[in-house]
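Just so you know, residue 1 is the first one in the sequence shown, and it goes up from there.
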Amino acid sequence: MYRMAAYCRLSKDDGENKISESIENQLKLIREYVEKSEDMKLEDIYIDDGYSGLYFTNRPEFQRMMEDIYKGRIQGVISKDISRLGREHIETSNYMERVFPTLGIRYIAILDGVDSLSNKNEELAQFKTLLNDMYSRDISKKIRGSLLTQKKSGQFVSGFAPYGYIKNPEDKHHFLIDEEAAEIVQRIFSLYLQGHSVDGIAKQLNEEGVLTPSEYKRQVQGLRYVNAREMPGAKAWTYPTIHAILRNRVYTGAMVQHKSEKISYKIDKCRYIPQEEQYIVEGMHEPIVTNETFQLVQSVRKKRARTSGFRCEKKGGNPYAGILVCGDCGSHLQRVTGRNGYECSSYHKKGNQLCCSHFIRKEILDSVVKQEIKRQVALALGEREKEDIRKAADWSGKAERGRKKAERQIVQLQKKLFSIQRYQKKTYESYLDGLLNKEEYVSYQEAYKKEAVFVSNKLAQLQTKSNRLAKGAGETGRWLEVLIEKGVLKEATRELVIGLIEKVKVNGDKSIEIEWKYQSPYLQNKSFPF
């Protein structure tokens, strides 16, 4: 009497056949077959529900069955057909033709008429494994094609919304802002622009007991969320978590997808897609941070701006991080907390073999920067064109206020356009369900179409207006606006430095060179002794 293992499997790959391939039907068929036989009894049942037939190692019940086989508890395996055992041609054939025979295991595939005890339909079995493999390839292509189409149109197709958002209950492809988490995201961007390092931000959030994105999804949103990259038992903010948030364009309202893809439908590994090949669709949901803020953060990130430690974070961070460089070797100057100043990083690491100290005290650097800002303001407003300059600066301020107003209107119209699109979809579904006749459906769709065209045209006009206003009164007007606004500040804050200055060079001859972001027509000297 053979002690048989009933093996059942079902996955999303089974598509339209899901009902007929249900676990209950598989078990019913196997039990009836065993009951009619005279040389078999059902020893145990092994069910892998929701696992692909392409892989064997990731199926827990299949692995448990193999352990029982090695222990001698099981003498045979029976499945509904060969595809339930596996869909990958080479690996499935290996189990049927080598592993099972070597271990003395009888294998039966009921609907395929395969029974290894009588060597029935061996040639058909080989052909069936090949057909199952081809079926998996075809299904993989169809699923991938469908997903790519949705991604290109900006529809979200992954499992969980990113931290700061939730899925719209009425449209799972669209995001809504989660106010509590969004506030943390905004704070992370703000802290980073204030000069705090990524590690410093993580430490501060951990000290305050702020839930990590993974824990927030599990504890607050009640999701069964699993992060494959999360260390077991880890419940703290880390550098990678903060870094991922700071470089995620989704927070500007853009849908970014197709970041990775599987190497092959047979290999459970992915390759990362270059940014220029990813699918990015702007304006798909309400932004958490402005595009201007996001771009400024990316600019600071490229300069690898970091502070020198947690002690500095409590003092406000390093306002010159990523901007202050050595005028001789080009290396960044790093903060030396004990001496309250900055020193060439090459010298700090290697001594005078590569460079000299270039040390400058913080109060001296702050003084030079503030004095030069004030000098530029006084120089600009002391010219004969004083009245014209003031008008330019005033226009620049009005232009900025107008741009912000246009941006708010753009967000509102985007929301309205999303609503129209959802109503169009619901109307179509109602037509398919017979709730609307053809005339009603056409009438609704025409009305929605006209409204969508009107909103889209208004959006385009506002976007053009916003872009024009963003330029203000030209580079001179923008330069003056920022300079006058920042020049009244009492200290060299991080916002002031990154808003005005592109680079500060500290030379070996005890001089400083300042390179401004907004080129002033009134610059006379770029080098200042200290």
Before you tell me yes or no, could you show the steps for E446 and K449 under salt bridge (Lys or Arg N to Asp or Glu O under 4.0 Å), namely the whole-Å CA-CA distance, both residues' side-chain angles and the distance that decides it to 0.1 Å?
CA-CA 5 Å; E446 284 296 327; K449 185 177 180 180; 5.3 Å; no
Please check this pair: side chain of R9 against backbone of S83, looking for a donor-acceptor N/O pair closer than 3.5 Å.
yes
Sidechain-backbone polar pair: R84 side chain, S79 backbone, donor-acceptor under 3.5 Å
no
Less than 4.5 Å apart, side chain to side chain, heavy atoms only: is that true for P169 and L176?
yes
Do S190 and T293 touch side chain to side chain, with heavy atoms closer than 4.5 Å?
no
Say you draw a straight line from CG of L296 to CG of L193; how long is it, rounded to the nearest 0.5 Å?
5.0 Å
Can you tell me if Q219 uses its side chain to pair, donor with acceptor, with the backbone of Y216 under 3.5 Å?
no
Would you check if F189 and I245 make a side-chain contact, meaning some heavy-atom pair closer than 4.5 Å?
yes
Any heavy-atom pair between the side chains of T290 and T252 that's under 4.5 Å?
no
Taking all atoms of both residues into account, what is the closest heavy-atom pair of K80 and Q26, and its distance?
CD-CG, 3.6 Å
Residues K203 and E208 bridged, charged N to O under 4.0 Å
no
Please assess L29 against L111 for the test side-chain contact (heavy atoms from CB on, under 4.5 Å), listing each intermediate value before the final yes or no.
CA-CA 9 Å; L29 182 66; L111 297 186; 3.9 Å; yes
Looking only at heavy atoms, which two atoms of L27 and I47 are closest? And how far apart?
CD1-CD1, 4.0 Å
Measure across V220 and E180 and return the closest heavy-atom pair with its distance rounded to 0.1 Å.
CG1-OE1, 4.4 Å
Q63, CD: over 12 other non-hydrogen atoms inside 6.0 angstrom:
yes
Assess whether side-chain contact (heavy atoms from CB on, under 4.5 Å) is satisfied between D199 and T238, documenting all intermediate values.
CA-CA 7 Å; D199 283 327; T238 60; over 6 Å; no
Donor-acceptor contact present, side-chain W237 to main-chain P213, <3.5 Å
no
Taking the inter-plane angle between the rings of H285 and Y165 on a 0 to 90° scale, is it parallel (under 30°), tilted (30 to 60°) or perpendicular (over 60°)?
perpendicular
Should Q204 and R187 be marked as a side-chain contact (heavy atoms from CB on, under 4.5 Å) after you check the CA-CA gap, both sets of side-chain angles, and the distance that decides it?
CA-CA 11 Å; Q204 187 169 334; R187 188 176 171 206; 3.1 Å; yes
R218 and L223: side-chain contact (heavy atoms from CB on, under 4.5 Å), yes or no, with the steps?
CA-CA 5 Å; R218 287 190 283 260; L223 301 174; 6.0 Å; no
Working note: Y163 + D178, criterion side-chain hydrogen bond (donor to acceptor under 3.5 Å, both in side chains); need CA distance, chi angles, decisive distance, verdict.
CA-CA 8 Å; Y163 180 68; D178 183 330; over 6 Å; no
Other residues, nucleotides, ligands: >12 heavy atoms within 6.0 Å of Y423 OH
no
For L205, run the side chain to side chain contact (heavy atoms under 4.5 Å, CB included) check against L211, T212, I242 and tell me which one passes.
I242
Does atom CZ of F160 have more than 12 heavy-atom neighbours, drawn from other residues, nucleotides or ligands, at distances under 6.0 Å?
yes
Closest contact, heavy atoms only, L462 versus L413:
CD1-CD1, 3.4 Å
Should the pair Y444 and Y448 be assigned to parallel (<30°), tilted (30 to 60°) or perpendicular (>60°) ring geometry?
parallel
Taking N168 for its side chain and H174 for its backbone only, find out whether a donor-acceptor pair lies under 3.5 Å.
no
Decide yes or no for V325 and V504: does some side-chain heavy atom of the first lie under 4.5 Å from some side-chain heavy atom of the second?
no
Give me the atom names and distance for the closest heavy-atom approach of R59 to S52.
NE-O, 3.6 Å
Are E170 and K426 within salt-bridge range, i.e. N to O under 4.0 Å?
yes
Any sub-3.5 Å donor-acceptor pair from K217's side-chain atoms to A161's backbone N or O?
yes
Distance col, row I201:CD1 vs L191:CG, nearest 0.5 angstrom, shows 5.0 Å
Can you find a pair of side-chain heavy atoms, one from I110 and one from D81, that are under 4.5 Å apart?
no
Y441 side chain reached by Y428 side chain, heavy atoms, under 4.5 Å
yes
Determine the minimum heavy-atom distance between P287 and I177, stating which atoms define it.
O-CD1, 3.7 Å
In a check of ring pair (Phe, Tyr, Trp, His ring centres under 6.0 Å) between F56 and each of F62, Y7, Y51, which one passes?
F62
Check whether any side-chain heavy atom of K416 lies under 4.5 Å from a side-chain heavy atom of E451, and answer yes or no.
yes
Distance-only, no hydrogens or angles: does the N248 side chain make a donor-acceptor pair with backbone N or O of A244 under 3.5 Å?
no
Assess whether a salt bridge exists between R64 and E61, defined as any Lys/Arg side-chain N lying under 4.0 Å from an Asp/Glu carboxylate O.
yes
